[in-house]
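Read the structure below first, then the notes.
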Amino acid sequence: MELHSTRALPISKLRGALKGSFALTPDSEGYEASLHRWSEAAEKRAAVVVQARSAEDVSTALLFAQEHGLEVAVLGGGHSTSGSSSTEGGLVIDLTKMRHVTVNPSSKTIKAQGGTIWEDVDLAAAQYGLATVGGTVNHTGVGGLTLGGGYGWLSGKYGLTIDNLVEAEVVLADGRIMTTSEKQNSDLFWAIRGAGQSFGVVTSFTFRGYEQKDPVWGGLLAFDTAALDKVIDFANKLVETTEGQSGMVVGIGAPAPTHEVRILTILFYDGDEEKARAYYDALFKLGPVVDRTSEMTYKQVNSMLNAVSTHGDRKTQKGSAFTAPLPASLAKTLVQDYSQFIDEVPDAKKTIILMEYFSQRMVNNVAQTAMSFANRGFHYNILFSTQWTGAQNDAKCREWTRNMGRKVTNELLKTKNNDGVGEYGNYDGVSSSSAQDIFGINYERVLELKKRYDPKNIFAKGAVFDV
Ligand SMILES: Cc1cc2nc3c(=O)[nH]c(=O)nc-3n(C[C@H](O)[C@H](O)[C@H](O)COP(=O)(O)OP(=O)(O)OC[C@H]3O[C@@H](n4cnc5c(N)ncnc54)[C@H](O)[C@@H]3O)c2cc1C
């Protein structure tokens, strides 16, 4: 795509057409701040950033970009590490000023504007004693997380975030503003639940809410690596037996201040401390070296990982999956690979590997072809989340991340049933998987709808489609 000098663009015409939204250019106050993303390595210098305040202005910005041949990027929470919400020399539709949430207590629905982060949703819903399936780090965007699927602590009870999406407002490439649900424009609704970032700009999401009682319980237990086998054994059993009231993530990391390699467990229990401690008793008996668990309100749960997921530094991510029981030998190899990597690249010691033991029972209650998302099955996400500071380490860190994903996928293929694709598209921060890899059985229909709704591939920053 040709790069555009802002001076050559009729910005005053754009500004005149916008009704309440701002168009920022490199000389505007607020422009530099608008470029920040969760990973510094995902930041690019746009020619124009439209800080949208309405679906109508999103539509105006989209048409302006096309008229002037500008690449389009859409910014929700800014967490993708592939740079899919940034553009070098193009136009960003920045939704971060659209963060209003409305809760309807009688229908138990939560309507969130396209630029909300999960904290906005959790806080607003909690005022009515409600919750929905949101991200486990509450500063991630509702937009990107939902449009790719969405796993969270409540997935064991209620499935994916998209399983609880009841309606969305979408601005299409041709500027039309469409309401979409199971009843209205249902083929578009099918497409946006998994492949959403390739279809339009979603300016509002309406989710089903559920009554959520407080207190709940959660937090971190860290173990010496000697406890690995027993921790994995515990997690393998838990995921088979939980009825959705619990969730567990097993991590491999080297937390400050010592940066010794540790086995981390991040735990959730939908009940009070007494019940939670009894439930996780076998883990406590292993003698954690750090215990940061406590009773809390549900609205706090999705902030418990924030301290290890801060903004800044350079980052990349790659996902794969594993079946349970995860063999102890594979877990051991992961610890060895991790230790070797941070020895060789000490700049990357904030890297973390996360294995998500969330029950798939409810996720699998929905048919694989019910929506474009195609990763339902009895396998569990693993995420390689690599973090470093020096650009000289970019290639090395990205290669390690990609290779680790491939290594686990090779193992997965030995044990996986013929079900979902085995990779969560939202974790492909290195963009190494094809649209066929991510949409599997649903790929042909996704492609057909892509050709219908976005024939010029204006939304080209997600999966690569051959339109
Ligand atoms: C710290 C961290 C924690 C995470 N935790 C979870 C988790 O618990 N569960 C889970 O499922 N995933 C999780 N993820 C993965 C997450 O789902 C993806 O990174 C997702 O892309 C983030 O969305 P965003 O809006 O913040 O990012 P962005 O970079 O803003 O957007 C990602 C993509 O979605 C598009 N997009 C965003 N909003 C819209 C919109 N309104 N309309 C159209 N397109 C839009 C963007 O254009 C871009 O292509 C996590 C990621 C990180 C970095």
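This structure is a prediction, so every number in the text was calculated from the model and none was measured. Counting begins at 1 with the first residue of the sequence. Remember, it's 1-based here, ligands and their atoms both numbered in the order they're listed.
Distances between N or O atoms of G141 and those of ligand 1 include at least one value under 3.5 Å. Between S85 and ligand 1, at least one pair of N/O atoms sits closer than 3.5 Å. On a distance-only criterion, V201 and ligand 1 share no N/O pair closer than 3.5 Å. For ligand 1, none of its N or O atoms has an N or O atom of H139 under 3.5 Å away. No N or O atom of G152 sits closer than 3.5 Å to an N or O atom of ligand 1. Remark: ligand 1 and W38 share no N or O pair separated by less than 3.5 Å (distance only, no angle test). The shortest N or O to N or O distance between G76 and ligand 1 is under 3.5 Å. Taking only nitrogen or oxygen atoms, main chain and side chain alike, V142 does not reach within less than 3.5 Å of ligand 1. By the 3.5 Å distance cut-off applied to N or O atoms, V202 is counted among the residues near ligand 1. Looking at ligand 1, you'll find an N or O of V74 within less than 3.5 Å of one of its N or O atoms.
By the 4.0 Å heavy-atom criterion, Y427 is counted among the residues contacting ligand 1. Heavy-atom distances between Y424 and ligand 1 reach below 4.0 Å in at least one pair. The shell of residues lying under 4.0 angstrom from ligand 1, judged by heavy atoms, excludes S39. Using a non-hydrogen distance threshold of 4.0 Å, G148 does not register as a contact of ligand 1.
Nearest to atom 32 (C) of ligand 1 among the protein's heavy atoms is S80 CB, 3.8 Å. The closest protein non-hydrogen atom to atom 17 (O) of ligand 1 is N426 ND2, 3.1 Å. Among all non-hydrogen protein atoms, the one lying nearest atom 43 (C) of ligand 1 is G200 O, 3.2 Å. Given atom 5 (N) of ligand 1, the protein heavy atom at minimum distance is T136 OG1, 3.8 Å. Looking only at heavy atoms of the protein, atom 50 (C) of ligand 1 is closest to T140 CG2, 3.9 Å.
By heavy-atom distance, the residue among H311, K315, Q317, Q197 lying nearest atom 49 (O) of ligand 1 is Q197.
Within the cation-pi definition used here (under 6.0 Å to the ring centroid, within 45° of the axis), K315 qualifies as a partner of W38.
Contact annotation: for H79 versus ligand 1, heavy atoms closer than 4.0 Å belong to both the backbone and the side chain. Under 4.0 Å from ligand 1, the heavy atoms of L95 that appear belong solely to its side chain. Contacts between S84 and ligand 1 below 4.0 angstrom, taking non-hydrogen atoms only, involve backbone and side chain alike.
Using a 4.0 Å cut-off between charged nitrogen and carboxylate oxygen, D57 and R53 do not count as a salt-bridge pair. Ionic pairing of R99 and D120 is present here: one or more N-O contacts between side-chain nitrogen and carboxylate oxygen are shorter than 4.0 angstrom. Salt bridge present: D187 and R452 bring a charged side-chain N and a carboxylate O closer than 4.0 Å. Note on R376 versus D419: no salt bridge recorded, every NZ/NE/NH1/NH2 to OD/OE distance being 4.0 Å or above.
A ring pair (Phe, Tyr, Trp, His ring centres under 6.0 Å) with Y269 is found for exactly one of Y279, W217, Y298, namely Y279. When each of N375, T161, N426 is paired with Y151, the side chain to side chain contact (heavy atoms under 4.5 Å, CB included) condition holds for N375 and for no other.
Every atom of ligand 1 is numbered from 1 in the order shown, and the set under 4.0 Å from a heavy atom of G150 is 11 (O). Heavy-atom proximity to L147, at under 4.0 Å, picks out these atoms of ligand 1: 39 (C), 40 (C), 42 (N), 43 (C), 44 (N), 45 (C).
Between L447 and F465 the shortest heavy-atom distance is CD1-CD2, 4.1 Å.
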